[in-house]
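Everything numeric here is computed off the predicted structure, so don't read it as measured data. Just so it is clear, the values below take in all heavy atoms, side chains as well, and ignore hydrogens, waters and symmetry mates.
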Amino acid sequence: MLGYVLPLLLLIAASAADLLEPRAVVALRNAGFDSYQRWRPRAYEPAPVRIVDIDEESLGRIGQWPWPRTRLAALVDTLRAKGAAVVAFDIVFAEPDRTSPEEAASNWNADESLRKQLHALPSHDRLFAETIARGKVVTSFVLRQDAGGRTPVLKAPFVISGDDPKDALPIFAGAATSLPAIQSAAAGNGSVNFIADRTGDGVIRSLPLVYRLQDTLLPAFALEALRVAHDGGPYVLRGDGARVEEVRSGPLALRTDDRGQLWLHYGSSLPKRYIPAWRVLDVAGGIEDVRGMIVLVGTSAPGLKDLRFTSLGDLIPGVEIHAQAIEQALQGTYLVRPLWARVAELTALLALGIVLIWVSARSDPLAAAAVTVALLGGLLLSSWIAFAAYRLLLDALVPATALAAVFVTGSVYRHVHAERERRWIRKAFSTYISPNLVEHLIRNPGELRLGGERRECSFVLTDLANFTTLVEQGDPETIVALLNEYLHELIGIAFKHEGTVDRIVGDALVVMFSAPVVQPDHASRAVACAIEMDRFASRFSQRKQAEGVPVGITRIGVNSGVVTIGNVGGQSLFDYRALGDAINVAARLETVNRQLGTHVCVSKTTVDRCAAFHGRPVGVLVLKGKSEAVAAFEPLDETNGAANAYMAAYELLEKNDSRAREAFAAIADDPLAAFHLRRLDQGENGVTVVLQEK
């Protein structure tokens with residue numbers, strides 16, 4: 001179920017991000033659109049647009065900026081004489097000309113008569129304004145976020161068609177304009193502001209055609225130049241709800257995005273667009289014919305700080321961006337991001353995402369990957385064709401990234417789920433045989449064959465007292481649950497000490513050490529395992545009896561010896577087993593606990609192989625069916641006073657000292673001491689015990 005839910009949740013989150021458009025989504029979308037432009041930039045087609053460039057060479061020939069307004073007036077006159085349809089200044093003349101006579105009179109320490117003569121001379125700003133007034137000249141202004149400055153002169157009104165979309169337009173609080181006389185004399189006046197998107201990368205991808213200064217609508221510089229060139233009347237701003245659909249100026253109807261911005265399709269920056277300003281002012285040299293052209297006056301000099309980044313990765317003068325916008329408006333080669341684009345992109349994301357989730361959940365990984373590649377390829381190809389053939393900006397990168405994330409999420413989940421199933425199988429397999437055996441066989445698959453070897457191992461055998469009676473009298477479900485709980489803990493202890501479960505017979509457990517992996521300390525491990533099992537079994541018995549379930553004690557036998565170990569069985573079933581008398585002795589030691597009154601009985605063979613053993617001797621036992629005696633011990637957590645009393649009595653018993661009976665009688669509450677006391681009362685003596693029962 002999670003195989004569907006997780007990718008679906010991610011798909012919903014991606015759809016929400018596509019709607020809300022956080023910065024990361026906008027940046028990814030723009031990266032896709034920029035790539036399209038770099039792959040296929042706009043091919044240059046001759047257009048009636050030129051740039052008079054105040055470049056470094058012009059500054060070197062004519063002098064540093066700002067130039068006298070009389071020189072700019074001469075530039076306008078020359079361009080007009082050469083037939084320019086419009087001269088548009090991408091320059092704001094916000095301050096009086098410092099070289100004008102009246103400004104010089106105010107700044108110089110000249111006598112009064114000289115000041116009067118200077119004031120009598122024509123003002124450069126007035127001469128420039130008069131020159132502007134004689135023809136089609138467009139001035140510019142810069143809008144600001146802070147209030148203040150002069151209000152720009154609006155040369156043509158705006159007419160709203162449909163719903164008023166002014167709330168969608170970029171809004172400003174103040175402006176920096178040219179001097180009142182200059183902007184009043186101009187035929188047009190437009191904003192030269194660029195608005196970079198919120199990604200903060202500084203790339204100019206679109207150009208607003210209409211701005212708001214508080215509640216006043218103002219045209220863009222490029223749009224105003226087009227209006228003046230076509231002798232246009234009022235602008236028509238068509239809206240749909242809170243969105244801009246179209247801006248009309250004379251014969252031009254420009255489709256914009258919902259904020260009234262024209263998406264720019266950049267072409268290469270070519271020298272043929274430029275005319276150096278010094279050549280215009282060079283009477284001897286002259287310039288080419290600019291008849292009928294819109295001539296923009298701006299600067300490419302780095303020191304004048306009007307350089308901008310484009311989608312092509314180029315750094316070009318801001319005036320060229322205006323020039324390319326005018327070219328695209330005249331030729332209809334600008335890009336369009338339709339108002340329905342976001343709906344189409346979101347629909348594609350949801351539809352393809354659902355298909356991808358369904359296919360991925362029901363197909364093998366290779367087929368799902370092939371379908372994913374096909375879907376993503378089709379999506380990206382469709383977006384590219386829309387751009388290359390129709391100049392439509394349809395975002396495929398954001399949906400494709402989201403779909404890839406959906407596929408990866410589903411794939412990762414399925415991989416994790418499959419790995420979890422493998423671990424579960426491995427774990428389940430390890431409940432039948434010990435984890436160390438599983439790991440050993442994984443590392444040594446060649447040993448998964450019939451056959452065996454001789455090796456010294458240690459064995460722990462357990463048996464739950466009175467369990468048969470409990471099974472016969474108890475509820476089956478309760479008995480099975482109890483047995484599972486009991487064996488689970490015992491097996492866990494065995495695995496903790498890195499033992500291998502040799503077999504489980506009912507409630508009885510056989511654990512071996514030093515097989516299949518050799519363990520030099522196998523005897524110590526076996527004793528430690530037996531002691532911990534005894535602690536658990538005692539607590540388990542007490543707890544269950546308190547619950548009203550008559551669970552007896554667990555008897556444990558421990559022995560070491562050489563056995564045959566290996567895989568036995570047929571070709572269809574492997575059973576890793578140990579075979580030998582050492583196991584039989586351990587089994588007898590387990591059963592003898594019932595007679596001795598002990599819980600754990602460890603053979604001397606095992607004790608001798610332990611680096612440190614704390615315990616007491618039980619006796620030298622002649623087990624039922626055995627001819628050789630086995631010295632046995634009961635392990636203790638630590639030596640205490642009671643153990644010392646037992647050892648003193650045992651030493652007397654070992655010496656056949658008559659005082660042994662009195663010594664054992666003094667500690668008769670100890671089950672093992674009571675066992676030896678009974679033997680003495682029956683006429684037996686010494687530490688050798690011949691057992692008549694198993």
Side-chain angles (χ1 to χ4, degrees), residues 424-441 452 457-472 474 476-517 522 525-541 544 549 551-559 563-570 572-580 582-591 593-594 599-601 694:
W424 181 86
I425 293 171
R426 185 174 184 170
K427 182 179 179 181
F429 188 55
S430 296
T431 62
Y432 291 95
I433 60 175
S434 305
N436 61 340
L437 176 57
V438 175
E439 295 299 329
H440 179 74
L441 294 177
C457 299
S458 292
F459 298 88
V460 176
L461 277 79
T462 73
D463 185 67
L464 183 59
N466 302 324
F467 185 72
T468 302
T469 303
L470 185 63
V471 170
E472 293 173 350
E477 290 189 6
T478 303
I479 297 302
V480 171
L482 182 145
L483 183 60
N484 284 338
E485 180 183 359
Y486 171 77
L487 289 175
H488 173 75
E489 292 294 335
L490 286 186
I491 292 170
I493 294 170
F495 289 171
K496 173 184 174 182
H497 293 276
E498 298 186 352
T500 298
V501 175
D502 181 70
R503 73 201 73 169
I504 300 172
V505 182
D507 62 289
L509 184 68
V510 181
V511 182
M512 60 182 170
F513 292 86
S514 202
V517 180
H522 57 86
R525 288 176 183 269
V527 172
C529 177
I531 292 173
E532 188 170 349
M533 284 180 169
D534 178 51
R535 290 185 195 137
F536 157 73
S538 297
R539 294 193 306 270
F540 183 79
S541 176
K544 291 301 178 182
V549 182
V551 175
I553 66 169
T554 296
R555 302 188 183 98
I556 304 172
V558 183
N559 184 42
V563 293
T564 299
I565 58 170
N567 298 309
V568 297
S572 59
L573 177 65
F574 277 47
D575 188 8
Y576 191 82
R577 280 293 180 91
L579 304 173
I583 303 174
N584 298 329
V585 172
R588 298 295 172 83
L589 290 175
E590 174 267 307
T591 59
N593 284 295
R594 178 168 53 84
H599 292 182
V600 183
C601 197
K694 288 186 178 180

Point to revise | Val511 vs His497 side-chain heavy atoms within contact, under 4.5 Å | key: no
Check your understanding: So, the side chain of Ser541 versus the backbone of Ser538: is there a donor-acceptor pair under 3.5 Å, distance only?
Key -> no
Practice item. Over all heavy atoms of both residues, which pair between Ala578 and Val563 is shortest? Give the atoms and the distance, please. Key: CB-CG2, 4.1 Å
Point to revise | Straight-line distance of Leu509 CG to Leu487 CG, nearest 0.5 Å | key: 6.5 Å
Revision key, fill the gap. Here the pair of heavy atoms bringing Ile491 nearest to Ile504 is CD1-CD1, 3.7 Å
Review point. What distance do Met533 atom CE and Ile556 atom CD1 have between them, rounded to the nearest 0.5 Å?
Key: 6.5 Å
**Study point:** Nearest atoms (heavy-atom pairs only) where Val558 meets Ala530
**Key:** CG2-CB, 3.6 Å
Point to revise | Atom pair OG1 (Thr462) and CD (Glu590), whose distance is rounded to the nearest 0.5 Å | key: 7.5 Å
Review point. For the atom pair SG (Cys529) and CZ (Phe495), what is the distance rounded to the nearest 0.5 Å?
Key: 10.5 Å
Exercise for review: State, to 0.1 Å, how close Asp534 and Val600 come at their nearest heavy-atom pair, and which atoms those are.
Suggested key: CB-CG2, 3.8 Å
**Study point:** Side-chain donor/acceptor of Asn559 to backbone N/O of Ala582, under 3.5 Å
**Key:** yes
Review point. Say you draw a straight line from CZ of Phe540 to CG of Leu464; how long is it, rounded to the nearest 0.5 Å?
Key: 7.5 Å
Review point. Less than 4.5 Å apart, any side-chain heavy atom of Ile493 and any of Arg535?
Key: no
Check your understanding: Looking only at heavy atoms, what is the nearest atom pair of Cys457 and Ala515, with distance?
Key -> SG-CB, 4.0 Å
Check your understanding: Would you say Leu483 and Phe467 make side-chain contact, with heavy atoms under 4.5 Å?
Key -> yes
Study note, to complete from the structure: Looking only at heavy atoms, the pair that brings Phe513 and Val460 closest together is CE1-CG2, 3.9 Å
**Study point:** Pairwise distance CD1(Ile583) to CZ(Arg503) - rounded to 0.5 angstrom
**Key:** 5.0 Å
Point to revise | Working for salt bridge (charged side-chain N to carboxylate O under 4.0 Å, His left out), residues Lys544 and Glu485 | key: CA-CA 11 Å; Lys544 291 301 178 182; Glu485 180 183 359; 3.3 Å; yes
Point to revise | Close side-chain approach of Tyr486 and Thr554, heavy atoms under 4.5 Å | key: yes
Check your understanding: Quick one: are Arg555 and Ile553 in side-chain contact, heavy atoms under 4.5 Å?
Key -> yes
